Protein chains: 2
Amino acid sequence: MIIYYFYVKLITNIKIYKGYLKLIPKIKPKSERKKSLDDYIVKKHLKSTTQRDIIFDQFFNYLGQHVTVDELYESVKRQYSRIGYATIYRTLKLFKECGLAHERNFGDGRAKYEPVKFDGEHHDHLICLGCEKIIEFANNEIESCSLRVARLNKFDVINHKLELYGYCDSCSVNNKRAAG
Amino acid sequence: MIIYYFYVKLITNIKIYKGYLKLIPKIKPKSERKKSLDDYIVKKHLKSTTQRDIIFDQFFNYLGQHVTVDELYESVKRQYSRIGYATIYRTLKLFKECGLAHERNFGDGRAKYEPVKFDGEHHDHLICLGCEKIIEFANNEIESCSLRVARLNKFDVINHKLELYGYCDSCSVNNKRAAG
DNA sequence: CTTGATGCAAAGCTTTTGCATCTGC
DNA sequence: GCAGATGCAAAAGCTTTGCATCAAG
């Protein structure tokens, strides 16, 4: 039992949820992400380059959760000044293809990219209209409602997105102050 | 009681839902929509023009639920050949401002516009990745879950969007045939 | 030495804007 | 006649692409 517990701890986190043990997959370590990319590069007969390594490093190790192309470009430029936008775009496309990154669009016309935390991960977003802060959340109940609605419509759901737009704690306090 | 029933019928539809009477606001009739627009035009010291009338008519009376700017442009052009894209964009912006239309973006880079059915209406979308069909739905449970999540994060939600991407009945049948 | 990757500039797309002209009111 | 509306073309902003050159395997 204890040995099993430690084995499970290796690949997941354990949480008590409504009296049940819930297994939450562990976030991919850096090395595993790099391996995914390298494997994909070999499999598809692509090439490993300095630029790709630097973009990888900046995207997965130094930048935050929701990054614009501009932010990544500026960040990479500090390490490798000859970098071009096209390479950033092409490399992000590569990350998407091998399942390491997701592209998001929150309606301001510029795509945001986020590292995928573990295989098959899904989460949704709270987006602050004041300070543009983005909070991630996951909610099983919403997922199952959605699937039920889909079934009623004979729809085969591949993925979904739920975005809640509003004001975060500090922004709504400021709003009320400004209004009152 | 009967008089009350008829009064309620005037402004809503009545449906039995889990044993309760449920009041569903009536879809705005054409005339009321036109009045909203005209009132807004007067209030804001704007002007009523032929172009606006034709765009209004095409958008609310002849086209479907999810229309691109291109579709609306082509449709209006048949009635008024000198129309320009700028006028379409500016008029749709006007419709949004007076709460008559919503802008949607389902990720293909072109906005889609839909008439608002009644004041404060909200619905979500099932989007078929095969035939691009869009199905609307509303689900109270999802709404309340969302609000609960928001409250947990001390978020003041202004609006939300939920989009389920997948394959509709006929497209998923075709997919399975193609795959098998 | 072959094939893929890169950087640059140009092009693509959707949407917005500046401006001369037109038209409600 | 004045303020707002229109049409056109140009610009803006993000993303993709063509092409000569570079570099990995």
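Small disclaimer: the values here were computed from a predicted structure and weren't measured. Note on naming: letters A, B, ... go to the chains in the order of the sequence lines (proteins, then strands), and numbering restarts at 1 for each one.
- Within the structure, a side-chain polar atom (N or O) of A:Thr87 is placed less than 4.0 Å from OP1 or OP2 of C:dG7.
- Across the protein-nucleic acid pair, A:Glu71 atom CD and D:dT15 atom P stand 12 Å apart, rounded to whole Å.
- Nearest-nucleotide positions on DNA chain C for B:Gly109 and B:Lys93 put B:Gly109 closer to the 5' end.
- Each of A:Gly84 and B:Val69 was assigned the nucleotide of DNA chain C with the nearest heavy atom; the assignment lying further toward the 5' end belongs to A:Gly84.
- A distance below 6.0 Å separates the ring centres of B:Phe106 and B:His125.
- Contact annotation: A:Tyr89 does not reach the phosphate of D:dT16 (side-chain N/O to OP1 or OP2, under 4.0 Å).
- Counting distance only, with no hydrogens placed and no angle test, the side-chain atoms of A:Lys47 and the base atoms of D:dA23 include no donor-acceptor pair under 3.5 Å.
- Rounding to whole angstrom units, NE2 of residue A:His45 and C1' of D:dA23 are separated by 19 Å.
- A centroid separation of less than 6.0 Å is found between the aromatic rings of B:Phe60 and B:Phe95.
- An OP1 or OP2 oxygen of C:dG4 is reached within less than 4.0 angstrom by no side-chain nitrogen or oxygen of A:Thr49.
- At whole-Å resolution of the value, CG in B:Leu72 and C1' in C:dT14 are 15 Å apart.
- Atom pair A:Arg52:CZ and C:dG7:P shows a separation of 11 Å (rounding to whole Å applied).
- The pair A:Glu103-A:Lys93 does not count as a salt bridge, with every side-chain nitrogen at least 4.0 angstrom from each carboxylate oxygen.
- A donor and an acceptor atom never sit less than 3.5 Å apart when one is taken from the side chain of B:Arg90 and the other from the base of D:dG4.
- The distance from atom OH of B:Tyr73 to atom C1' of C:dT15 is 15 Å, rounded to the nearest whole Å.
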Test side chain to side chain contact (heavy atoms under 4.5 Å, CB included) on B:Arg52 and B:Leu46; report intermediate values, then the result. CA-CA 11 Å; B:Arg52 281 181 180 165; B:Leu46 309 179; 4.0 Å; yes
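- If you measure from atom NZ of B:Lys112 to atom P of C:dT15, you get 11 Å, rounded to the nearest angstrom.
- Checked against D:dT15, C:dC25, C:dG7, the side chain of A:Ala86 finds its nearest nucleotide in C:dG7.
- Atom pair B:Leu46:CG and D:dT6:C1' shows a separation of 14 Å (rounding to whole Å applied).
- More than 12 heavy atoms of other residues, nucleotides or ligands sit less than 6.0 Å from atom NZ of B:Lys96.
- Within the structure, every side-chain polar atom (N or O) of B:Gln51 is placed at least 4.0 Å from both OP1 and OP2 of C:dT23.
- Regarding B:Ile88, its CD1 atom lies at a distance of 15 Å from the C1' atom of C:dT14, rounded to whole Å.
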